[in-house]
Amino acid sequence: MQQATTFPTAAAKPARRGGADLGDAIFSGACHVAGALVLLLLGGIIVELFLGGLPAFRAFGLPFIWSTEWDPVTEVFGAGVSIYGTVVTAVLAIIIAVPVAFGVAFTLTELAPPWLRRPVGTAVELLAAVPSIIYGMWGFFLVAPIMAQYVQPALIDSLGELPGIGVLFQGPPFGTGILTAALILAIMILPFIAATMRDVFEQVPPVFKESAYGLGATTWEVMKGVVLPYTRVSVAGGVMLGLGRALGETMAVTFVIGNANRITTTLFGPGNTIASVVALEFGESETGSLKLSALLALGFILFVLSFIVLATSRYLLRSRLKV
Amino acid sequence: MQRRQFLIGSGLAAAAPLLAGTSLSTPALAQGGQITGAGATFPNPVYQKWAEAGRAATGLTVNYQSVGSGAGINQIKNRTVDFGASDAPLTVPQLEEASLLQFPAVMGSLVAIVNIPGIENEQLKLTGEVLADIYLGKITKWNDARITEMNAGLTLPNLAIAPAYRADGSGTTFVWVSYLAAVSPEWKQKVGVGTSVRFPAGTGARGNEGVAGTVKNIRGAIGYVENAYAISNKLVTTQLRNKAGQFVKPTHEAFIAAATNADWTTPGMAASLIDQAGATSWPIVSPTFILLPKNPSDAERSRNVMKFFDWAFKNGATLAQELEYIPLPAPVQEAIRTAWKAEVKANGQPVWNG
């Protein structure tokens with residue numbers, strides 16, 4: 001409301017000097033061009049990816065999307081393995097990251113003493129500033145050996161024996177693989193989800209929380225009964241934002257996923273993601289080859305996947321963005 | 001694709017005047033001249049070394065970008081560079097279609113690296129057939145009878161074999177699977193040969209350092225890297241049985257023996273040095289190739305490329321050996337000069353007059 005009252009003073013300034021009209025026109029034109037440029041770029045990328053991928057779509061038809069064949073020697077390509085790896089690592093990463101992010105956000109908004117909130121909050125946000133190649137190297141040289149020597153053997157000996165979910169925790173402990181990739185991804189998307197959650201938790205009107213406290217609710221009951229129901233759509237939006245990041249992540253995943261074009265039942269098995277396949281194979285694909293076209297088609301599929309996820313995220317977060 | 005090449009090409013164009021500017025201070029560079037090349041990563045260290053060492057003698061500034069063989073082939077086909085470089089040779093129809101001359105520049109060798117407790121460098125003996133079956137996922141334990149029978153003096157543990165391979169498309173993989181296909185009909189039929197193939201077993205890692213790191217991390221792992229990389233990182237290599245049935249260690253003599261026994265008269269000079277005859281030959285040696293337009297638009301630059309490689313053949317052998325590469329035998333170098341004279345022409349005149 002304050003802005004509204006100051007506005008008339010700004011408008012009541014002396015009449016504009018001559019020539020300002022031209023400046024305004026140039027400025028407005030430049031702004032419009034800048035705005036249109038983004039749309040043009042986005043459209044151009046989609047169209048070019050689709051056109052580039054067209055030969056592959058033509059050659060393999062719709063089954064390209066679920067075919068698990070990827071054989072550069074006989075030039076048979078399918079996106080099945082990469083899509084599977086992309087979705088599985090991203091979903092696993094979400095499963096690992098969301099509880100931790102919730103804990104971080106809960107601590108920062110309700111539990112931690114005020115002097116601790118800022119440093120911890122900044123530390124979480126700094127995680128987002130670490131370049132993904134660093135996560136990749138850290139994952140490959142530090143996390144993977146630990147996974148191979150301690151975590152995976154322990155899981156194989158305990159969970160691997162169970163009926164049903166046991167198949168997920170079997171096989172040789174390579175250290176790299178789907179699970180390690182999901183773990184690294186989880187750390188990478190944690191700051192995005194935690195920051196979103198903290199922001200939306202803070203927007204719950206204090207009067208709601210105070211009413212609940214007044215009725216004798218504990219902190220956890222307030223969180224469960226007031227804060228979460230009030231923010232649940234925005235929280236889901238934040239999770240989708242993290243999912244979108246996880247889908248497109250390339251370098252860090254490439255280092256630790258094991259890069260095999262096979263679908264394995266075990267989480268320790270190697271796999272591949274769309275972004276990783278494209279990054280690895282691009283340098284050795286000749287112009288006009290079916291392989292290059294298949295890679296561009298993969299890029300198109302990834303684009304569509306990310307677009308859907310991010311659009312959903314924007315839709316769910318719209319109420320928060322307006323505030 | 002077009003855009004990517006344009007960017008790389010313009011990057012080169014922008015870098016060239018800068019390089020020229022810095023080299024003006026050296027009087028030996030009176031004749032000047034820049035050439036640009038792009039392609040294979042495997043020979044990159046030796047090309048860079050040659051470029052640096054040859055600058056004073058030839059007056060040429062060589063800007064080589066190791067962007068990968070596939071990208072190098074693309075760039076020379078579009079003529080955005082003066083020469084392309086590829087680990088896998090192009091076929092004769094491919095060369096004719098793009099009007100390119102192909103010649104080998106230098107040779108390199110691959111070794112198998114292992115991580116088995118108690119096994120030292122150059123101790124373990126393996127054959128190509130066993131390697132192929134390991135990478136096919138058919139031999140899964142280090143104490144498999146087929147491995148223990150040729151390693152009588154060694155105690156091999158009951159440990160799962162974890163094969164590691166290059167996940168990125170690479171000339172190294174091309175050479176490695178060429179060898180596996182040469183010794184194992186099953187590999188040839190099921191997997192085939194290419195810069196990236198569908199490996200039936202194992203885990204992939206990025207680059208030589210990725211494969212070496214994976215082998216270091218995992219007990220029971222086996223991988224393949226260029227010999228230069230294995231030496232500089234002190235990795236545990238193995239002996240291999242060659243075509244003559246002898247177990248050989250990956251030594252310089254064994255590599256040279258393979259090179260001298262090769263048949264270099266194949267079309268496109270695409271000699272295969274895989275699994276060569278000879279009692280002392282190392283079985284996995286491979287040349288890496290240069291691609292040069294037969295109809296250069298700029299004869300001067302094309303001549304400079306030849307001048308550079310002519311200098312490298314004459315004076316670069318020691319440098320190549322220091323980096324664990326194998327220089328070409330003298331008759332092969334002579335055959336290359338003959339091919340330059342006969343095949344690269346501008347306005348009907350041979351470009352090479354050396």
Side-chain angles (χ1 to χ4, degrees), chain A residues 44-45 48 52 68-77 81 136-137 140-149 152 171-177 251 253-262 264 268-272 276-277 279-289 291-293 295-296, chain B residues 1-5 39 41 66-75 77-78 86-88 90 94 140 159-162 164-171 173-174 177 181 188 190-207 209-210 213-214 216-221:
Chain A
I45 291 171
E48 181 148 345
T68 55
E69 197 82 1
W70 183 275
D71 191 339
V73 179
T74 51
E75 296 222 301
V76 180
F77 301 105
V81 177
M137 291 166 71
F140 183 72
F141 289 110
L142 208 82
V143 178
I146 293 174
M147 293 290 282
Q149 279 164 28
Q152 291 183 346
F174 268 119
T176 53
M251 270 336 282
V253 173
T254 303
F255 268 83
V256 292
I257 197 166
N259 312 101
N261 285 311
R262 304 186 290 272
T264 47
F268 303 151
N272 231 335
S276 168
V277 168
L280 289 171
E281 302 276 5
F282 209 64
E284 291 293 334
S285 315
E286 286 177 46
T287 318
S289 67
K291 184 172 164 190
L292 184 67
S293 174
L295 291 177
L296 290 171
Chain B
M1 274 322 293
Q2 289 299 334
R3 183 163 44 223
R4 192 163 72 104
Q5 276 149 7
T41 46
S66 61
V67 290
S69 298
I73 294 168
N74 286 342
Q75 290 203 35
K77 277 185 179 168
N78 291 324
S86 174
D87 288 328
L90 268 60
Q94 278 176 319
T140 56
L159 187 65
I161 303 180
Y165 54 84
R166 285 284 289 269
D168 47 335
S170 79
T173 295
F174 175 83
V177 297
K188 196 172 188 174
K190 273 193 183 166
V191 184
V193 176
T195 51
S196 61
V197 300
R198 196 177 46 158
F199 282 94
T203 182
R206 199 174 179 284
E209 61 283 4
T214 304
K216 228 175 239 173
N217 285 347
I218 304 173
R219 285 193 328 145

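Keep in mind that the numbers below use all heavy atoms, side chains included, and drop hydrogens, waters and symmetry copies. Treat the numbers as computed from the prediction; the structure is a model and nothing was measured. A note on names: the letters A, B, ... follow the listed sequences, proteins ahead of strands, and every chain is numbered from 1.
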- Task: Let me know if A/M251 has heavy atoms under 4.5 Å from chain B in its side chain, its backbone, both or neither.
- Result: side chain
- Residue B/K77 versus chain A: region with a heavy atom under 4.5 Å: side chain
- Query: Among B/G70, B/S69, B/G204, which residue forms the greatest number of heavy-atom pairs with chain A at distances under 4.5 Å?
  - Reply: B/G204
- Below 4.5 Å, heavy atoms only, C-beta onward: do B/R219 and B/L159 meet side chain to side chain? yes
- chain A contact via B/T214 - side chain, backbone, both or neither, heavy atoms under 4.5 Å: both
- Looking only at heavy atoms, which two atoms of B/T173 and B/D168 are closest? And how far apart? OG1-O, 4.5 Å
- So, do A/V73 and B/V191 sit near enough that their side-chain heavy atoms are less than 4.5 Å apart? no
- Side chain, backbone, both or neither: which part of B/A201 has an atom under 4.5 Å from a heavy atom of chain A? backbone
- Query: Under a 4.5 Å heavy-atom cutoff, which of B/A221, B/S170, B/G220, B/S86 has the most pairs with chain A?
  - Reply: B/S170
- Query: Do you know which two heavy atoms are closest between A/S293 and A/G52, and how far apart they sit?
  - Reply: OG-O, 3.0 Å
- Note on the structure: Residue set satisfying side chain to side chain contact (heavy atoms under 4.5 Å, CB included) with A/N261, at least two apart, ordered chain then number -> A/W70, A/V81, A/N272, A/V277
- Message: Taking ring pair (Phe, Tyr, Trp, His ring centres under 6.0 Å) as the definition, give me every residue that meets it alongside B/Y165, ordered by chain and number, with sequence neighbours left out.
- Response: B/F199
- Message: Is B/S196 in contact with chain A via its backbone, its side chain, both, or neither, using a 4.5 Å heavy-atom distance?
- Response: both
- Message: Only pairs of heavy atoms separated by less than 4.5 Å count here; which of B/G68, B/G171, B/G207, B/A160 has the most with chain A?
- Response: B/G68
- Examine whether an atom of B/V177 lies under 4.5 Å from a heavy atom of chain A, and if so say whether it belongs to the side chain, the backbone or both; otherwise answer neither. neither
- Query: Is chain A contacted by the side chain of B/V197, its backbone, both, or neither, given a heavy-atom distance below 4.5 Å?
  - Reply: both
- Are B/I73 and B/L90 side-chain neighbours, meaning at least one heavy-atom pair lies under 4.5 Å? yes
